[in-house]
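This report concerns only the one structure given below.
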Amino acid sequence: MRILSLILTITVLLVWPGEHLGAEKSGGGGIGAEIDPTPDNPYPDLLEKETEGEAPDLLEDDPFFTGPRTYLRDPIFEDDFSFRKPPPPIDDPLESFNRVMFTFNDKVYYWVLKPTKKVYSSILPEDIRRCLGNAFANIAAPIRFINNVLQGEFEDAGVVLGRFLINSTLGIVGLGDAAYRDFHIEPRQADFGQTLGKWGVGEGIYLCLPFLGPSNVRDTFGFFGDAYMHPVPYITENFGTDLVYLGVSRINLMTITPDVYEELKRISLDPYVAARQAYYDYRRSIITK
Amino acid sequence: MKQMKKHIAILLVVMAVMLSGLQASGQEESPTNQLKPTIASLFAILDDVSLKGNQHVVERRAKIMAAISDRFDFREMSKRVLGQTWHDLSDSEKDHFVTQVTKLLENVYIGKLESYGGRDVEFVAERIKGKRAQVTTLVPYEGSKIPIHYIMQREQDEWMVYDINIEGVSLVRNYMEQFSSILREQKYQGLIKVIEEKNKTFAAEYGAS
(Lines give C-alpha, C1' and ligand atoms only; values in the text may rest on other atoms or scores of the structure.)
Protein backbone atom coordinates (compact mmCIF):
# COMPACT_ATOMS: atom_id res chain seq x y z
CA MET A 1 0.00 0.00 0.00
CA ARG A 2 2.73 2.33 1.04
CA ILE A 3 4.65 1.58 -2.16
CA LEU A 4 1.56 2.06 -4.25
CA SER A 5 0.82 5.50 -2.89
CA LEU A 6 4.48 6.44 -3.20
CA ILE A 7 4.45 5.45 -6.86
CA LEU A 8 1.26 7.41 -7.32
CA THR A 9 2.76 10.48 -5.72
CA ILE A 10 5.90 10.29 -7.85
CA THR A 11 3.87 9.78 -11.00
CA VAL A 12 1.76 12.79 -10.24
CA LEU A 13 4.84 14.83 -9.45
CA LEU A 14 6.48 13.84 -12.70
CA VAL A 15 3.51 14.12 -14.99
CA TRP A 16 1.74 17.13 -13.62
CA PRO A 17 4.13 19.97 -14.41
CA GLY A 18 4.56 18.74 -17.95
CA GLU A 19 0.85 18.64 -18.48
CA HIS A 20 0.07 22.02 -17.08
CA LEU A 21 2.91 23.71 -18.93
CA GLY A 22 1.70 22.14 -22.14
CA ALA A 23 -1.78 23.39 -21.46
CA GLU A 24 -0.51 26.94 -21.36
CA LYS A 25 -0.08 26.74 -25.09
CA SER A 26 -3.74 27.39 -25.70
CA GLY A 27 -3.69 30.61 -23.69
CA GLY A 28 -4.85 33.27 -26.11
CA GLY A 29 -2.96 35.80 -28.20
CA GLY A 30 -1.42 39.18 -27.51
CA ILE A 31 1.59 40.14 -25.46
CA GLY A 32 2.63 37.41 -23.08
CA ALA A 33 1.10 34.51 -24.96
CA GLU A 34 4.45 33.72 -26.54
CA ILE A 35 5.79 32.03 -23.43
CA ASP A 36 5.58 28.36 -24.28
CA PRO A 37 8.04 26.52 -22.07
CA THR A 38 8.46 22.78 -21.75
CA PRO A 39 9.85 20.94 -18.71
CA ASP A 40 13.27 20.38 -20.27
CA ASN A 41 13.42 23.87 -21.74
CA PRO A 42 11.66 26.22 -19.33
CA TYR A 43 13.04 29.32 -21.05
CA PRO A 44 12.77 28.72 -24.78
CA ASP A 45 14.45 31.18 -27.07
CA LEU A 46 11.64 32.73 -28.99
CA LEU A 47 13.61 35.10 -31.18
CA GLU A 48 12.23 37.88 -33.26
CA LYS A 49 9.05 36.36 -34.54
CA GLU A 50 7.62 36.86 -31.08
CA THR A 51 8.30 40.56 -30.99
CA GLU A 52 5.39 42.87 -30.38
CA GLY A 53 5.57 46.40 -31.68
CA GLU A 54 8.52 48.18 -33.22
CA ALA A 55 11.73 48.73 -31.33
CA PRO A 56 15.43 48.28 -31.97
CA ASP A 57 16.83 45.01 -30.70
CA LEU A 58 18.84 45.81 -27.60
CA LEU A 59 18.97 42.25 -26.32
CA GLU A 60 21.48 40.97 -28.85
CA ASP A 61 23.53 44.01 -28.15
CA ASP A 62 24.08 43.00 -24.56
CA PRO A 63 27.62 43.97 -23.65
CA PHE A 64 27.85 41.74 -20.61
CA PHE A 65 27.93 38.42 -22.35
CA THR A 66 30.77 38.61 -24.78
CA GLY A 67 30.58 34.88 -25.37
CA PRO A 68 30.29 31.89 -23.08
CA ARG A 69 34.04 31.38 -22.96
CA THR A 70 34.98 34.73 -21.47
CA TYR A 71 32.83 34.39 -18.39
CA LEU A 72 32.43 30.66 -18.27
CA ARG A 73 34.02 30.43 -14.86
CA ASP A 74 32.13 33.40 -13.61
CA PRO A 75 28.96 32.33 -11.82
CA ILE A 76 27.22 35.65 -12.49
CA PHE A 77 27.44 35.43 -16.21
CA GLU A 78 27.52 31.70 -16.79
CA ASP A 79 23.90 31.21 -17.65
CA ASP A 80 23.70 33.66 -20.46
CA PHE A 81 25.53 34.61 -23.58
CA SER A 82 25.10 36.54 -26.76
CA PHE A 83 24.22 34.76 -29.96
CA ARG A 84 25.68 37.40 -32.18
CA LYS A 85 29.12 38.89 -32.25
CA PRO A 86 29.26 41.67 -29.66
CA PRO A 87 29.84 45.20 -30.97
CA PRO A 88 33.55 45.94 -31.34
CA PRO A 89 35.04 47.81 -28.39
CA ILE A 90 35.65 51.52 -28.85
CA ASP A 91 39.06 52.12 -30.35
CA ASP A 92 40.57 55.16 -28.67
CA PRO A 93 44.37 55.15 -29.11
CA LEU A 94 44.43 58.96 -29.00
CA GLU A 95 42.75 59.09 -25.60
CA SER A 96 45.25 61.50 -24.03
CA PHE A 97 44.96 63.90 -26.98
CA ASN A 98 41.18 63.49 -27.03
CA ARG A 99 41.00 64.26 -23.33
CA VAL A 100 42.86 67.52 -23.95
CA MET A 101 40.33 68.37 -26.67
CA PHE A 102 37.50 67.44 -24.31
CA THR A 103 38.82 69.86 -21.71
CA PHE A 104 39.27 72.49 -24.43
CA ASN A 105 35.63 72.07 -25.51
CA ASP A 106 34.60 72.25 -21.87
CA LYS A 107 36.29 75.65 -21.56
CA VAL A 108 34.79 76.79 -24.87
CA TYR A 109 31.41 75.78 -23.54
CA TYR A 110 31.64 77.60 -20.21
CA TRP A 111 33.62 80.64 -21.37
CA VAL A 112 32.13 81.28 -24.80
CA LEU A 113 29.07 79.23 -25.69
CA LYS A 114 27.16 79.51 -22.44
CA PRO A 115 27.49 83.30 -22.10
CA THR A 116 26.69 83.72 -25.81
CA LYS A 117 23.68 81.49 -25.38
CA LYS A 118 22.49 83.63 -22.47
CA VAL A 119 22.79 86.90 -24.36
CA TYR A 120 21.22 85.40 -27.48
CA SER A 121 18.25 84.07 -25.49
CA SER A 122 17.74 87.39 -23.74
CA ILE A 123 17.60 89.26 -27.08
CA LEU A 124 15.33 86.87 -28.96
CA PRO A 125 12.14 85.51 -27.39
CA GLU A 126 11.67 81.77 -27.39
CA ASP A 127 9.05 81.52 -30.16
CA ILE A 128 11.28 83.48 -32.52
CA ARG A 129 14.20 81.17 -31.69
CA ARG A 130 11.97 78.18 -32.34
CA CYS A 131 10.88 79.64 -35.69
CA LEU A 132 14.50 80.25 -36.64
CA GLY A 133 15.29 76.69 -35.57
CA ASN A 134 12.58 75.41 -37.89
CA ALA A 135 13.95 77.50 -40.75
CA PHE A 136 17.54 76.32 -40.20
CA ALA A 137 16.34 72.72 -40.14
CA ASN A 138 14.22 73.27 -43.23
CA ILE A 139 17.13 74.67 -45.25
CA ALA A 140 19.18 71.61 -44.29
CA ALA A 141 16.50 69.26 -45.69
CA PRO A 142 18.65 68.26 -48.72
CA ILE A 143 21.10 66.56 -46.31
CA ARG A 144 18.35 64.39 -44.90
CA PHE A 145 16.78 63.79 -48.30
CA ILE A 146 19.99 62.73 -50.07
CA ASN A 147 21.12 60.54 -47.18
CA ASN A 148 17.78 58.79 -46.91
CA VAL A 149 17.94 58.06 -50.64
CA LEU A 150 21.54 56.82 -50.31
CA GLN A 151 20.43 54.55 -47.47
CA GLY A 152 17.56 53.20 -49.53
CA GLU A 153 15.05 54.66 -47.07
CA PHE A 154 12.74 55.96 -49.78
CA GLU A 155 9.74 56.32 -47.53
CA ASP A 156 11.71 58.55 -45.15
CA ALA A 157 13.10 60.48 -48.12
CA GLY A 158 9.51 61.09 -49.25
CA VAL A 159 8.61 62.32 -45.78
CA VAL A 160 11.58 64.71 -45.79
CA LEU A 161 10.59 66.03 -49.21
CA GLY A 162 6.95 66.39 -48.21
CA ARG A 163 7.86 68.24 -45.03
CA PHE A 164 10.21 70.50 -46.98
CA LEU A 165 7.51 71.42 -49.51
CA ILE A 166 4.82 71.98 -46.89
CA ASN A 167 7.03 73.99 -44.55
CA SER A 168 8.56 76.11 -47.31
CA THR A 169 5.09 77.17 -48.46
CA LEU A 170 2.48 76.86 -45.70
CA GLY A 171 5.18 77.24 -43.06
CA ILE A 172 6.39 80.50 -44.68
CA VAL A 173 10.00 79.83 -45.73
CA GLY A 174 10.24 77.15 -43.09
CA LEU A 175 9.65 79.37 -40.07
CA GLY A 176 6.68 77.31 -38.97
CA ASP A 177 6.51 73.55 -38.79
CA ALA A 178 3.16 73.30 -40.58
CA ALA A 179 3.88 69.72 -41.59
CA TYR A 180 3.84 68.66 -37.96
CA ARG A 181 1.31 71.15 -36.64
CA ASP A 182 -1.33 70.60 -39.33
CA PHE A 183 -0.51 67.17 -40.75
CA HIS A 184 1.32 65.44 -37.88
CA ILE A 185 4.22 64.45 -40.08
CA GLU A 186 7.20 63.99 -37.80
CA PRO A 187 10.72 64.86 -38.96
CA ARG A 188 13.08 62.10 -40.16
CA GLN A 189 16.79 62.38 -39.57
CA ALA A 190 19.66 61.08 -41.66
CA ASP A 191 23.29 62.07 -42.01
CA PHE A 192 26.24 60.97 -44.11
CA GLY A 193 28.15 59.33 -41.23
CA GLN A 194 25.07 57.16 -40.70
CA THR A 195 24.89 56.44 -44.44
CA LEU A 196 28.51 55.30 -44.46
CA GLY A 197 27.81 53.16 -41.40
CA LYS A 198 24.85 51.51 -43.08
CA TRP A 199 27.06 50.83 -46.09
CA GLY A 200 29.38 48.91 -43.78
CA VAL A 201 32.14 51.49 -43.34
CA GLY A 202 33.84 50.96 -39.98
CA GLU A 203 33.93 53.63 -37.30
CA GLY A 204 37.68 54.09 -37.22
CA ILE A 205 39.28 55.50 -34.12
CA TYR A 206 37.44 57.77 -31.71
CA LEU A 207 38.05 61.50 -32.09
CA CYS A 208 37.05 64.34 -29.85
CA LEU A 209 37.05 67.27 -32.27
CA PRO A 210 37.65 70.85 -31.16
CA PHE A 211 34.34 72.80 -31.09
CA LEU A 212 32.43 69.84 -32.54
CA GLY A 213 32.87 67.27 -29.77
CA PRO A 214 32.62 63.46 -29.92
CA SER A 215 33.14 61.88 -33.32
CA ASN A 216 35.15 59.21 -35.07
CA VAL A 217 36.99 58.98 -38.36
CA ARG A 218 33.91 57.87 -40.27
CA ASP A 219 31.61 60.50 -38.80
CA THR A 220 34.20 63.22 -39.38
CA PHE A 221 34.09 62.33 -43.08
CA GLY A 222 30.33 62.27 -42.71
CA PHE A 223 30.34 65.79 -41.30
CA PHE A 224 32.23 67.15 -44.31
CA GLY A 225 30.05 65.10 -46.64
CA ASP A 226 26.97 66.70 -45.14
CA ALA A 227 28.55 70.13 -45.54
CA TYR A 228 28.66 69.48 -49.29
CA MET A 229 24.95 68.66 -49.31
CA HIS A 230 24.02 71.83 -47.43
CA PRO A 231 22.59 74.47 -49.78
CA VAL A 232 23.91 77.52 -47.93
CA PRO A 233 27.57 77.32 -49.14
CA TYR A 234 26.29 77.19 -52.74
CA ILE A 235 24.29 80.37 -52.17
CA THR A 236 26.85 82.41 -50.24
CA GLU A 237 30.05 81.19 -51.93
CA ASN A 238 31.89 82.68 -48.97
CA PHE A 239 33.48 80.46 -46.34
CA GLY A 240 33.39 83.15 -43.64
CA THR A 241 29.65 83.67 -44.05
CA ASP A 242 29.16 79.90 -43.92
CA LEU A 243 30.98 79.72 -40.60
CA VAL A 244 28.85 82.52 -39.18
CA TYR A 245 25.75 80.70 -40.41
CA LEU A 246 26.96 77.48 -38.79
CA GLY A 247 27.72 79.27 -35.53
CA VAL A 248 24.40 81.08 -35.33
CA SER A 249 22.37 77.99 -36.20
CA ARG A 250 24.26 75.97 -33.56
CA ILE A 251 23.77 78.60 -30.86
CA ASN A 252 20.12 78.87 -31.80
CA LEU A 253 19.72 75.11 -31.60
CA MET A 254 21.37 75.05 -28.18
CA THR A 255 18.86 77.56 -26.82
CA ILE A 256 15.83 75.49 -27.84
CA THR A 257 17.03 71.98 -26.96
CA PRO A 258 17.70 70.51 -23.52
CA ASP A 259 21.17 71.07 -22.16
CA VAL A 260 22.83 67.76 -22.91
CA TYR A 261 26.38 68.64 -21.94
CA GLU A 262 25.79 70.05 -18.49
CA GLU A 263 23.43 67.18 -17.73
CA LEU A 264 26.05 64.67 -18.85
CA LYS A 265 28.68 66.31 -16.68
CA ARG A 266 26.30 66.37 -13.75
CA ILE A 267 25.53 62.66 -13.80
CA SER A 268 28.92 61.25 -14.79
CA LEU A 269 31.89 60.10 -12.77
CA ASP A 270 34.15 60.43 -15.80
CA PRO A 271 32.43 62.76 -18.30
CA TYR A 272 34.96 61.96 -21.03
CA VAL A 273 34.19 58.23 -20.94
CA ALA A 274 30.46 58.88 -20.49
CA ALA A 275 30.36 61.16 -23.55
CA ARG A 276 32.38 58.70 -25.63
CA GLN A 277 30.16 55.78 -24.69
CA ALA A 278 26.91 57.71 -25.15
CA TYR A 279 28.10 58.89 -28.55
CA TYR A 280 28.91 55.36 -29.72
CA ASP A 281 25.72 53.85 -28.30
CA TYR A 282 23.64 56.51 -29.97
CA ARG A 283 25.40 56.30 -33.34
CA ARG A 284 25.31 52.51 -33.35
CA SER A 285 21.63 52.51 -32.46
CA ILE A 286 20.70 54.76 -35.40
CA ILE A 287 22.84 52.73 -37.79
CA THR A 288 21.63 49.24 -36.87
CA LYS A 289 18.01 50.38 -36.65
CA MET B 1 -6.01 1.04 6.46
CA LYS B 2 -5.15 3.89 8.77
CA GLN B 3 -1.75 3.99 7.14
CA MET B 4 -3.33 4.24 3.72
CA LYS B 5 -5.60 7.10 4.77
CA LYS B 6 -2.56 8.93 5.93
CA HIS B 7 -0.91 8.41 2.60
CA ILE B 8 -3.95 9.51 0.68
CA ALA B 9 -4.05 12.59 2.87
CA ILE B 10 -0.41 13.32 2.02
CA LEU B 11 -1.17 12.72 -1.61
CA LEU B 12 -4.08 15.14 -1.45
CA VAL B 13 -1.92 17.76 0.19
CA VAL B 14 0.74 17.28 -2.50
CA MET B 15 -1.91 17.63 -5.19
CA ALA B 16 -3.35 20.72 -3.56
CA VAL B 17 0.10 22.30 -3.40
CA MET B 18 0.67 21.47 -7.04
CA LEU B 19 -2.69 22.84 -8.04
CA SER B 20 -1.97 26.12 -6.31
CA GLY B 21 1.40 26.16 -8.04
CA LEU B 22 -0.38 25.55 -11.30
CA GLN B 23 -2.68 28.43 -10.66
CA ALA B 24 0.21 30.73 -9.85
CA SER B 25 2.11 29.89 -13.00
CA GLY B 26 -1.10 30.01 -15.00
CA GLN B 27 -1.32 33.65 -14.01
CA GLU B 28 2.22 34.23 -15.10
CA GLU B 29 2.36 37.45 -16.98
CA SER B 30 4.32 38.97 -19.79
CA PRO B 31 7.15 41.38 -18.96
CA THR B 32 5.03 44.29 -20.18
CA ASN B 33 2.11 43.37 -17.94
CA GLN B 34 4.42 42.92 -14.99
CA LEU B 35 6.19 46.23 -15.57
CA LYS B 36 3.09 48.33 -16.23
CA PRO B 37 1.80 48.65 -12.65
CA THR B 38 5.29 49.51 -11.41
CA ILE B 39 5.74 52.30 -13.95
CA ALA B 40 2.19 53.48 -13.28
CA SER B 41 2.83 53.82 -9.55
CA LEU B 42 6.15 55.55 -10.28
CA PHE B 43 4.44 58.19 -12.42
CA ALA B 44 1.58 58.52 -9.95
CA ILE B 45 4.13 59.56 -7.31
CA LEU B 46 5.81 61.94 -9.80
CA ASP B 47 2.43 63.52 -10.55
CA ASP B 48 1.45 63.82 -6.89
CA VAL B 49 1.14 67.55 -6.30
CA SER B 50 1.88 67.26 -2.59
CA LEU B 51 5.23 65.64 -3.41
CA LYS B 52 6.37 68.00 -6.17
CA GLY B 53 9.30 70.37 -5.94
CA ASN B 54 12.80 70.16 -4.54
CA GLN B 55 11.67 70.54 -0.92
CA HIS B 56 10.00 67.13 -1.17
CA VAL B 57 12.74 65.40 -3.10
CA VAL B 58 13.83 63.08 -0.29
CA GLU B 59 10.33 61.92 0.53
CA ARG B 60 9.35 61.59 -3.14
CA ARG B 61 12.43 59.59 -4.06
CA ALA B 62 11.98 57.30 -1.06
CA LYS B 63 8.41 56.56 -2.10
CA ILE B 64 9.42 55.93 -5.70
CA MET B 65 12.23 53.60 -4.70
CA ALA B 66 9.87 51.66 -2.44
CA ALA B 67 7.36 51.40 -5.27
CA ILE B 68 9.79 50.14 -7.90
CA SER B 69 12.11 47.96 -5.83
CA ASP B 70 10.11 44.78 -6.44
CA ARG B 71 10.55 45.15 -10.19
CA PHE B 72 14.00 46.77 -10.46
CA ASP B 73 16.89 44.55 -9.45
CA PHE B 74 19.45 47.08 -8.29
CA ARG B 75 21.78 44.37 -6.96
CA GLU B 76 21.94 42.80 -10.40
CA MET B 77 22.60 46.23 -11.95
CA SER B 78 25.41 46.80 -9.46
CA LYS B 79 27.00 43.45 -10.30
CA ARG B 80 26.85 44.12 -14.00
CA VAL B 81 28.17 47.64 -13.66
CA LEU B 82 31.17 46.40 -11.72
CA GLY B 83 31.85 43.19 -13.68
CA GLN B 84 34.58 40.79 -12.55
CA THR B 85 35.73 43.00 -9.67
CA TRP B 86 32.48 42.07 -7.89
CA HIS B 87 34.05 38.75 -6.87
CA ASP B 88 36.94 40.44 -5.11
CA LEU B 89 34.65 42.26 -2.70
CA SER B 90 33.74 41.10 0.78
CA ASP B 91 30.06 40.73 1.64
CA SER B 92 29.91 44.04 3.48
CA GLU B 93 31.71 45.77 0.61
CA LYS B 94 29.20 44.27 -1.80
CA ASP B 95 26.28 45.59 0.25
CA HIS B 96 27.85 49.01 0.51
CA PHE B 97 28.56 49.07 -3.22
CA VAL B 98 24.95 48.11 -4.02
CA THR B 99 23.66 50.89 -1.76
CA GLN B 100 25.88 53.48 -3.42
CA VAL B 101 25.15 52.36 -6.99
CA THR B 102 21.42 52.21 -6.24
CA LYS B 103 21.63 55.79 -4.99
CA LEU B 104 23.54 56.83 -8.11
CA LEU B 105 21.09 55.17 -10.50
CA GLU B 106 18.19 56.60 -8.52
CA ASN B 107 19.60 60.10 -8.98
CA VAL B 108 20.11 59.57 -12.68
CA TYR B 109 17.03 57.61 -13.70
CA ILE B 110 14.44 59.21 -11.42
CA GLY B 111 16.10 62.59 -11.94
CA LYS B 112 15.67 62.14 -15.68
CA LEU B 113 12.01 61.20 -15.37
CA GLU B 114 11.47 64.20 -13.10
CA SER B 115 12.99 66.49 -15.72
CA TYR B 116 10.76 65.00 -18.44
CA GLY B 117 7.82 65.58 -16.14
CA GLY B 118 5.87 63.37 -18.49
CA ARG B 119 2.80 61.35 -17.89
CA ASP B 120 0.99 59.27 -20.52
CA VAL B 121 3.76 56.73 -20.88
CA GLU B 122 3.11 54.49 -23.83
CA PHE B 123 4.14 50.84 -23.87
CA VAL B 124 4.97 50.28 -27.51
CA ALA B 125 7.00 47.11 -27.86
CA GLU B 126 8.12 43.93 -26.21
CA ARG B 127 10.79 41.47 -27.17
CA ILE B 128 11.55 38.20 -25.41
CA LYS B 129 14.62 36.06 -25.91
CA GLY B 130 14.93 33.12 -23.60
CA LYS B 131 15.35 34.48 -20.11
CA ARG B 132 15.66 38.07 -21.18
CA ALA B 133 13.14 40.62 -22.31
CA GLN B 134 13.02 44.17 -23.52
CA VAL B 135 10.04 46.43 -22.94
CA THR B 136 9.93 49.71 -24.83
CA THR B 137 8.12 52.78 -23.53
CA LEU B 138 7.76 56.27 -24.94
CA VAL B 139 7.77 59.25 -22.59
CA PRO B 140 6.50 62.54 -24.05
CA TYR B 141 8.85 65.46 -23.66
CA GLU B 142 8.66 68.87 -25.33
CA GLY B 143 6.81 67.72 -28.40
CA SER B 144 8.92 64.63 -29.01
CA LYS B 145 8.79 61.17 -27.51
CA ILE B 146 11.78 59.84 -25.60
CA PRO B 147 12.20 56.07 -25.96
CA ILE B 148 13.03 54.33 -22.68
CA HIS B 149 13.71 50.61 -22.93
CA TYR B 150 13.66 48.37 -19.88
CA ILE B 151 15.91 45.35 -20.15
CA MET B 152 14.63 42.57 -17.96
CA GLN B 153 15.63 39.12 -16.86
CA ARG B 154 13.45 36.33 -15.64
CA GLU B 155 13.93 35.28 -12.05
CA GLN B 156 11.51 32.45 -11.30
CA ASP B 157 8.16 33.89 -12.38
CA GLU B 158 9.22 37.49 -12.10
CA TRP B 159 10.63 39.67 -14.82
CA MET B 160 13.15 41.97 -13.18
CA VAL B 161 14.65 45.11 -14.72
CA TYR B 162 18.45 45.02 -14.85
CA ASP B 163 19.19 47.82 -17.29
CA ILE B 164 17.50 51.02 -18.40
CA ASN B 165 18.20 52.27 -21.87
CA ILE B 166 17.31 55.90 -22.56
CA GLU B 167 17.41 56.90 -26.23
CA GLY B 168 19.74 54.08 -27.16
CA VAL B 169 22.14 54.77 -24.29
CA SER B 170 22.38 51.97 -21.74
CA LEU B 171 22.76 53.21 -18.18
CA VAL B 172 24.51 50.07 -17.01
CA ARG B 173 26.95 49.99 -19.89
CA ASN B 174 27.68 53.70 -19.68
CA TYR B 175 28.55 53.46 -16.00
CA MET B 176 30.37 50.18 -16.55
CA GLU B 177 32.70 51.92 -18.99
CA GLN B 178 33.24 54.81 -16.60
CA PHE B 179 33.83 52.45 -13.68
CA SER B 180 36.36 50.33 -15.54
CA SER B 181 38.26 53.43 -16.60
CA ILE B 182 38.42 54.53 -12.94
CA LEU B 183 39.19 51.00 -11.70
CA ARG B 184 42.21 50.78 -13.98
CA GLU B 185 43.86 53.74 -12.30
CA GLN B 186 42.42 53.93 -8.81
CA LYS B 187 41.26 50.37 -8.02
CA TYR B 188 38.07 49.65 -6.12
CA GLN B 189 38.85 51.90 -3.14
CA GLY B 190 39.22 54.87 -5.49
CA LEU B 191 36.05 53.99 -7.38
CA ILE B 192 33.81 53.74 -4.35
CA LYS B 193 35.11 57.12 -3.15
CA VAL B 194 34.25 58.71 -6.51
CA ILE B 195 30.72 57.25 -6.38
CA GLU B 196 30.22 58.42 -2.80
CA GLU B 197 31.41 61.91 -3.78
CA LYS B 198 29.01 61.98 -6.73
CA ASN B 199 26.09 61.02 -4.53
CA LYS B 200 27.07 63.75 -2.09
CA THR B 201 27.01 66.38 -4.84
CA PHE B 202 23.57 65.17 -5.90
CA ALA B 203 22.34 65.46 -2.32
CA ALA B 204 23.85 68.94 -1.96
CA GLU B 205 22.26 70.01 -5.24
CA TYR B 206 18.78 69.13 -4.05
CA GLY B 207 19.43 70.44 -0.57
CA ALA B 208 20.72 73.78 -1.84
CA SER B 209 18.04 74.58 -4.37
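Each chain gets a letter, A, B and so on, in the order its sequence line appears, and its residues count up from 1.
Judged by distance alone, with hydrogens and angles left aside, the side-chain atoms of Gln178(B) form a donor-acceptor pair with the main-chain N or O of Leu269(A) at under 3.5 Å.
Residue Phe123(B): no heavy atom, backbone or side chain, is found under 4.5 Å from chain A. Heavy-atom distances place both the backbone and the side chain of Ser268(A) under 4.5 Å from chain B. Looking at Arg266(A), both its backbone and its side chain come within 4.5 Å of chain B, counting heavy atoms on both sides. Residue Tyr280(A) does not touch chain B at all, counting heavy-atom pairs closer than 4.5 Å. For chain A, the nearby part of Glu167(B) is the backbone; its heavy atoms alone come within less than 4.5 Å. Proximity to chain B (any heavy atom under 4.5 Å) is shown, for Glu186(A), by neither the backbone nor the side chain.
Heavy-atom neighbours of Lys193(B) NZ from other residues, nucleotides or ligands within 6.0 Å: at or below the threshold of 12. The number of heavy-atom neighbours closer than 6.0 Å to NZ of Lys198(B), taken from other residues, nucleotides and ligands shown, is above 12. Shown here is Lys117(A), whose NZ atom has more than 12 heavy atoms of other residues, nucleotides or ligands within 6.0 Å. When the shell of 6.0 Å around OH of Tyr110(A) is examined, it contains more than 12 heavy atoms from other residues, nucleotides or ligands.
The salt bridge (Lys or Arg N to Asp or Glu O under 4.0 Å) analysis of residues 86-95 of chain B, with sequence neighbours excluded, yields the pairs Arg75(B)-Asp95(B).
Side-chain contact between Asn107(B) and Ile267(A) is absent, with no heavy atoms from C-beta onward closer than 4.5 Å. Contact annotation: the side chain of Tyr175(B) never approaches that of Val273(A) to less than 4.5 Å [non-hydrogen atoms, C-beta and beyond]. Between Glu263(A) and Lys112(B) the shortest side-chain heavy-atom distance falls below 4.5 Å.
The most heavy-atom pairs under 4.5 Å with chain A, out of Thr136(B), Leu104(B), Asn174(B), come from Asn174(B).
Of all non-hydrogen atoms in Ser181(B) and Asp270(A), the two that sit nearest each other are OG-OD2, 3.1 Å.
Chain B is approached within less than 4.5 Å, heavy atom to heavy atom, by Arg99(A) from residues 92-101 of chain A, ordered by number.
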